[in-house]
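Since the structure comes first, as structure tokens, the remarks are kept for the end.
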Amino acid sequence: MNQSARLISAKILEQVLLQRGSLSTQIGKQIGEVDYDEQGLTKELCFGVCRYYPQLNSIALSLLSKPFEEKDFDLYAALLMGLYQIDHMSTPDHAAVHESVELCRQLDKEWATKLMNAVLRRYQRDRDEILANLTKQPSVEFNMPKWLVKRFKKHWPESFEQIVEATNTHPPMCIRVNESRVSRETYQSMLLEQDTVSRETAFSASGLYLESAVPVFMLPNFDQGDVSVQDESAQLAASLLAPQAGERILDACAAPGGKTGHLLEKQPNIELTAVELEPWRLTRIESNLERLGVSAELICGDASQPAQWWNKQAFDKILLDAPCSATGVIRRNPDIKINRKPDDIDDLVEIQAVILDATWQTLKQGGYMLYATCSLMPEENEQQMAAFLNRQGDASECPLNQLAPDQTLAFGKPVSHGVQVFPTVDGQDGFYYCLLQKH
């Protein structure tokens with residue numbers, strides 16, 4: 001028997017809170033236990049609690065005389081869900097309280113029903129006073145972990161407000177039209193025929209923003225490969241690398257395969273090798289390429305250990321979309337507000353450096369590497385590039401549009417090395433690009 005949306009949501013959030021688990025992974029594992037018509041509510045509760053976690057967590061802790069123990073984090077998830085429904089959903093307050101109390105019983109914790117009822121009713125009664133006392137906390141004022149607020153202010157003082165506003169909103173749905181099959185203008189007309197309004201992306205020649213998000217199966221010819229879901233910033237990778245017929249290209253850290261597919265859409269006559277560490281991620285790449293009707297050499301391997309998988313034939317170009325903090329795409333992965341910690345940045349910088357040095361050895365003389373992250377942290381981006389250029393005497397930075405002169409560079413902020421792209425409310429995600437050449 002399928003279980004209620006709220007019960008499964010509490011279990012998913014418990015894993016995110018307790019195990020630092022991935023929200024998307026947990027939803028993927030457990031969403032099937034919910035009736036189809038309640039899956040939307042499950043996602044709304046899970047994504048909503050994570051998106052507003054810094055605020056909700058501060059509120060919850062102020063209401064409790066002592067925090068929940070780890071064995072009762074399912075109850076803490078239920079409390080956060082109740083607060084989220086009161087503040088951010090159209091659920092009537094009394095219904096939000098009632099459902100939260102009932103959820104305690106579904107979790108087999110009858111003892112918590114009176115506590116849940118008292119805490120949520122107190123919040124209803126004293127909400128304005130409670131929020132007034134908390135607004136000076138950065139986590140409440142900006143709905144962001146304190147350490148992230150501090151770093152964003154330090155690194156990007158002029159863009160801080162834009163970053164915070166965009167990070168706290170629902171992301172727009174952006175699609176990439178497969179122009180090897182259909183033009184963007186034609187596909188826009190196809191969308192309009194089914195009353196789906198869209199607008200062209202400003203910097204990607206293949207993208208469209210939908211006025212309202214729709215399930216992918218409602219996108220015309222999605223299964224036939226006419227279109228893919230991909231953010232505008234991510235669409236720029238294939239354009240900037242500008243694949244040419246006959247080139248050998250490496251897509252390192254390739255999952256989930258959006259950029260892999262885009263490279264092959266732009267130029268099917270390339271030898272493309274896609275490397276990914278985890279088998280289940282490689283399966284996603286394979287599925288995406290199959291839908292698009294294109295193929296590549298898929299290798300399950302560690303990009304930092306090319307000796308394990310490289311055949312010694314140098315690549316003409318490399319796309320290195322490096323593992324990163326994902327601080328530019330928090331709105332799509334709001335569990336980052338819970339799971340990402342300051343020390344993670346240092347660890348990721350080390351991993352990126354190792355992968356950079358390793359994959360650089362597979363690039364031929366005169367070849368190009370496009371380094372990319374979805375991070376807003378200079379340590380992972382321009383500072384990473386500065387360190388790389390300092391230790392690799394045969395590397396130099398190129399203008400980002402060197403391989404694609406028609407590509408406008410107005411999409412981001414030029415920094416000491418490369419271009420930093422900031423997220424916008426109705427537009428692109430946060431991203432970083434830098435183009436390197438081997439001499």
Please answer whether the main-chain N or O of [Y] pairs with a side-chain N or O of [X] as donor and acceptor at a distance below 3.5 Å.
{"X": "Tyr209", "Y": "Gln428", "result": "yes"}
{"X": "Asn381", "Y": "Ser375", "result": "yes"}
{"X": "Thr283", "Y": "Pro279", "result": "yes"}
{"X": "Gln267", "Y": "Asn269", "result": "yes"}
{"X": "Gln365", "Y": "Lys438", "result": "no"}
{"X": "Lys266", "Y": "Pro243", "result": "no"}
{"X": "Asn178", "Y": "Ser180", "result": "yes"}
{"X": "Ser159", "Y": "Gln162", "result": "no"}
{"X": "Ser58", "Y": "Pro54", "result": "yes"}
{"X": "Arg199", "Y": "Glu211", "result": "no"}

How far apart are the closest heavy atoms of [X] and [Y], and which atoms are they?
{"X": "Leu320", "Y": "Cys253", "value": "CD1-SG, 4.1 Å"}
{"X": "Met377", "Y": "His155", "value": "SD-CD2, 4.3 Å"}
{"X": "Leu292", "Y": "Gly261", "value": "CD1-CA, 3.7 Å"}
{"X": "Gln313", "Y": "Asn311", "value": "N-OD1, 3.0 Å"}
{"X": "Ala252", "Y": "Ala303", "value": "CB-CB, 4.2 Å"}
{"X": "Leu210", "Y": "Leu219", "value": "CD1-CD2, 4.0 Å"}

*Note: Arg284-Glu276 ion pair, threshold 4.0 Å (strictly below)*: no
Do the non-hydrogen side-chain atoms of [X] and [Y] ever get within less than 4.5 Å of each other?
{"X": "Asn221", "Y": "Met190", "result": "yes"}
{"X": "Met89", "Y": "Leu41", "result": "yes"}
{"X": "Lys337", "Y": "Thr167", "result": "yes"}
{"X": "Ile355", "Y": "Pro323", "result": "yes"}
{"X": "Gln437", "Y": "Gln402", "result": "yes"}
{"X": "Ile27", "Y": "Ile12", "result": "yes"}
{"X": "Arg151", "Y": "Ile345", "result": "yes"}
{"X": "Leu436", "Y": "Leu363", "result": "no"}

[X] side chain to [Y] side chain, donor-acceptor N/O pair below 3.5 angstrom:
{"X": "Ser228", "Y": "Arg291", "value": "yes"}
{"X": "Asp429", "Y": "Ser233", "value": "no"}
{"X": "Ser204", "Y": "Glu232", "value": "no"}
{"X": "Arg332", "Y": "Ser24", "value": "no"}
{"X": "Tyr432", "Y": "Glu380", "value": "no"}
{"X": "Gln352", "Y": "Gln384", "value": "yes"}
{"X": "Thr201", "Y": "Gln235", "value": "no"}

Could you tell me the separation between the [atom1] atom of [X] and the [atom2] atom of [Y], rounded to the nearest 0.5 Å?
{"X": "Asn143", "Y": "Gln55", "atom1": "CG", "atom2": "CD", "value": "4.0 Å"}
{"X": "Leu134", "Y": "Ile59", "atom1": "CG", "atom2": "CD1", "value": "6.5 Å"}
{"X": "Trp156", "Y": "Lys413", "atom1": "CH2", "atom2": "NZ", "value": "7.0 Å"}
{"X": "Phe152", "Y": "Phe422", "atom1": "CZ", "atom2": "CZ", "value": "10.0 Å"}
{"X": "Cys324", "Y": "Glu379", "atom1": "SG", "atom2": "CD", "value": "12.5 Å"}
{"X": "Gln26", "Y": "Asp335", "atom1": "CD", "atom2": "CG", "value": "10.0 Å"}

*Can we call the ring centroids of Phe160 and Phe142 under 6.0 Å apart?*
yes
*Give the intermediate values and the outcome of side-chain contact (heavy atoms from CB on, under 4.5 Å) for residues Leu400 and Gln407.*
CA-CA 9 Å; Leu400 200 53; Gln407 177 66 54; over 6 Å; no
Which label fits [X] and [Y]: parallel for a plane angle under 30°, tilted from 30 to 60°, or perpendicular past 60°?
{"X": "Phe411", "Y": "Tyr433", "value": "perpendicular"}
{"X": "Phe315", "Y": "Trp309", "value": "tilted"}
{"X": "Phe68", "Y": "Tyr76", "value": "tilted"}

*Could you walk me through whether Leu348 and Thr373 pass side-chain contact (heavy atoms from CB on, under 4.5 Å), step by step?*
CA-CA 11 Å; Leu348 286 162; Thr373 76; over 6 Å; no
*asked:* Here's a test for you: under salt bridge (charged side-chain N to carboxylate O under 4.0 Å, His left out), which of Lys109, Arg6, Lys11 qualifies with Asp74?
replied: Lys109
Atom [atom1] of residue position [X] - does it have more than 12 heavy atoms of other residues, nucleotides or ligands inside 6.0 Å?
{"X": "Lys150", "atom1": "NZ", "answer": "no"}
{"X": "Glu70", "atom1": "CD", "answer": "no"}
{"X": "Glu286", "atom1": "CD", "answer": "no"}
{"X": "Glu158", "atom1": "CD", "answer": "no"}
{"X": "Glu290", "atom1": "CD", "answer": "no"}

*asked:* Between Ile8 and Ile31, does the side-chain contact (heavy atoms from CB on, under 4.5 Å) criterion hold? Intermediate values first, please.
replied: CA-CA 8 Å; Ile8 295 302; Ile31 195 72; over 6 Å; no
*asked:* I'd like to know whether Val177 forms a side-chain contact (heavy atoms from CB on, under 4.5 Å) with Val182, so could you lay out the CA-CA distance, the side-chain angles of the two residues, the decisive distance to 0.1 Å, and finally the verdict.
replied: CA-CA 7 Å; Val177 178; Val182 59; 3.7 Å; yes
*Identified side-chain contact (heavy atoms from CB on, under 4.5 Å) counterpart of Ser206 within the set Arg184, Gln230, His262*: His262
